[in-house]
There are 2 protein chains.
Amino acid sequence: MARAARAASKSKGQKRRRPSAALSGVQSFDRLGSPTSYPRNKKIYKPGELAEYLYRVEAGCVRTYSEFNGSRRHIHAFYYPGDYFGLEANEHHNIAAETVMPSSVFRVKRTALAAQATRDSGVVRFLLHIGSLELQRTQNHSLRLLNGAQMRIVDFLREITARKPSAREIDLPMPRSDVADYLGLTTESVSRALTQLKKVSAISMSTSRRITMRDALLS
Amino acid sequence: MARAARAASKSKGQKRRRPSAALSGVQSFDRLGSPTSYPRNKKIYKPGELAEYLYRVEAGCVRTYSEFNGSRRHIHAFYYPGDYFGLEANEHHNIAAETVMPSSVFRVKRTALAAQATRDSGVVRFLLHIGSLELQRTQNHSLRLLNGAQMRIVDFLREITARKPSAREIDLPMPRSDVADYLGLTTESVSRALTQLKKVSAISMSTSRRITMRDALLS
DNA sequence: CGTGCAGTTGAGCAAATTCAACGCTTGTGG
DNA sequence: CCACAAGCGTTGAATTTGCTCAACTGCACG
């Protein structure tokens with residue numbers, strides 16, 4: 001059950017990484033932890049809490065977010081099965097994480113990982129690896145925020161599509177308000193951008209959550 | 001000379017880190033590398049290059065950036081003396097780094113660090129530590145991009161001021177176009193925001209690069 | 001069968017960009 | 001030493017973009 005599909009790398013023109021590089025790290029991770037189930041919209045951790053664990057999504061979807069300017073919310077990332085999260089912490093968490101839908105999350109104690117790291121260098125490479133992935137992801141997100149609303153949405157849809165190499169039909173697990181807070185827009189702007197994309201036949205929607213991409217959109 | 005002032009932590013309400021935690025890591029870093037001098041606007045590395053080194057600024061200022069949408073530039077960060085950079089890479093760099101002014105940069109081979117890491121766990125903690133700092137920095141930057149122009153500028157000025165606990169007078173090493181590309185604005189908007197801040201006496205400027213903050217601005 | 005949440009649409013508005021012009025400083029060549 | 005070009009910074013006017021406020025729909029759940 002701890003066997004989840006490895007997330008597809010988001011970096012574009014890069015040489016394929018040898019899976020062996022981080023393999024022993026992953027095995028340690030699998031062995032040292034245990035899965036937990038959460039209902040929808042359940043907080044997994046919040047800012048200020050001691051950062052005891054490192055997490056991996058097994059099933060469902062998780063979002064991390066901060067609040068700013070008093071009451072506005074920014075979603076830093078959505079994590080899908082196979083993704084690791086909870087790394088952004090120093091000693092205490094400084095952002096929050098919660099489920100988008102009923103989800104299963106695998107977690108391991110950081111102390112256990114640290115102990116294992118002293119004798120298994122694979123664990124170290126593993127940690128550094130997912131750390132740098134997270135860093136790249138965050139940097140890409142910053143870039144995304146500099147585009148216009150339309151392009152942000154397209155980027156977002158592409159990001160989701162990239163995880164399912166199979167179909168060009170995707171099923172959003174989150175409401176419009178999440179998409180908006182992820183992209184730094186309002187729900188209205190998200191809605192408008194989507195209807196605009198429909199109008200030019202770049203996408204089609206069977207329900208508001210189920211979107212089919214036209215080939216032209218796939219980079 | 002490898003002895004540069006430790007950069008002030010940007011996280012707010014957090015317990016002060018024991019310097020001992022990452023100390024042996026820093027010592028290894030100091031011992032394994034060597035400094036290099038660069039003229040102004042000199043590229044240190046660019047996307048696609050093999051990421052051989054980890055860097056620390058000794059003197060001057062360094063910016064990292066990506067290009068997007070064909071020709072626009074986004075500056076991810078400015079690094080000042082004591083700051084580490086070049087960590088964002090997997091195996092090859094995916095962003096570029098160059099000097100803002102004549103600078104001295106200390107660099108150590110990643111292979112040397114990796115070798116040292118297998119027998120000195122302090123190096124591991126050191127690497128993970130600066131990685132998570134970088135992650136937090138990048139996340140904060142995303143948040144910054146969601147505010148209005150005025151607040152982005154104020155945030156930026158505060159970020160700079162925070163490194164010099166002494167004076168509320170700062171000397172920007174970079175031109176307006178860099179500030180603009182860092183904050184996701186145009187140079188015109190940066191200029192306007194600054195003159196606006198002058199108009200309400202939140203700041204004063206002796207030259208366009210030399211800015212004095214009024215107390216009200218210091219959070 | 002109503003209440004509430006999610007999503008869409010429209011009209012007016014605020015904010016930042018674009019395009020353009022101009023001042024200041026700096027460095028270079030005559 | 002002066003003239004002039006280039007880079008940096010500022011300012012103005014017109015335009016575009018996304019936001020705010022508001023209404024309305026469909027759907028799910030009690």
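Lettering follows sequence order; numbering is per chain, from 1.
Taking 4.0 Å as the cut-off between side-chain N and carboxylate O, K164(B) and E169(B) do not count as a salt-bridged pair. Between R163(A) and D83(A) there is a salt bridge, since a side-chain N of the basic residue sits under 4.0 Å from a carboxylate O of the acidic one. Note on E159(A) versus R144(A): salt bridge recorded, some NZ/NE/NH1/NH2 to OD/OE distance being below 4.0 Å.
Side-chain rings of Y55(B) and F29(B) stay apart, their centers remaining 6.0 Å or farther from each other. You'll find the ring centres of Y182(A) and H76(A) outside the 6.0 Å limit. A ring-centre distance under 6.0 Å is not found for H141(B) and H141(A).
Near DNA chain C, meaning a heavy atom under 4.0 Å from it, residues 198-213 of chain B has no residue at all.
Here T187(A) does not reach the OP1 or OP2 of dA6(C): none of its side-chain N or O atoms lies under 4.0 Å away.
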With sugar-phosphate taken as primed atoms, P, OP1 and OP2 and all else as base, the protein-contact string of nucleotides 16-23 of chain D at under 4.0 Å (heavy atoms; B, S, -) is --SSBBB-

At under 4.0 Å between heavy atoms, which parts of nucleotides 25-30 of chain D does protein reach? Answer with one letter per nucleotide, 5' to 3': B base, S sugar-phosphate only, - none. ------

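Atom CD1 of I130(A) sits about 11.0 Å away from atom CZ of F85(A), to the nearest 0.5 Å.
Of the possible polar contacts, none joining the R56(B) side chain to the F106(B) backbone as a donor-acceptor pair under 3.5 Å is found. A donor-acceptor pair is defined here as one N or O able to donate and one able to accept, closer than 3.5 Å; no such pair exists between the side chain of S191(A) and the backbone of T187(A). Remark: the backbone N or O of L185(A) is not paired with any side-chain donor or acceptor of S189(A) at under 3.5 angstrom.
With rounding to whole Å, M151(B) atom CE is found 17 Å from dA14(C) atom P. The separation between L146(B) atom CG and dA16(C) atom P is 13 Å, rounded to whole Å. Rounded to an integer number of Å, the gap from CD of Q196(B) to P of dA16(C) is 11 Å. With rounding to whole Å, L194(B) atom CG is found 17 Å from dC8(D) atom P. Remark: C1' of dA6(C) and CG of D181(A) are 14 Å apart, rounded to the nearest angstrom. The CD1 atom of I153(A) sits 13 Å away from the C1' atom of dG7(C) (whole-angstrom rounding).
The salt bridge (Lys or Arg N to Asp or Glu O under 4.0 Å) test with E98(A) is passed by exactly one of K46(A), R40(A), R63(A), K42(A): R63(A).
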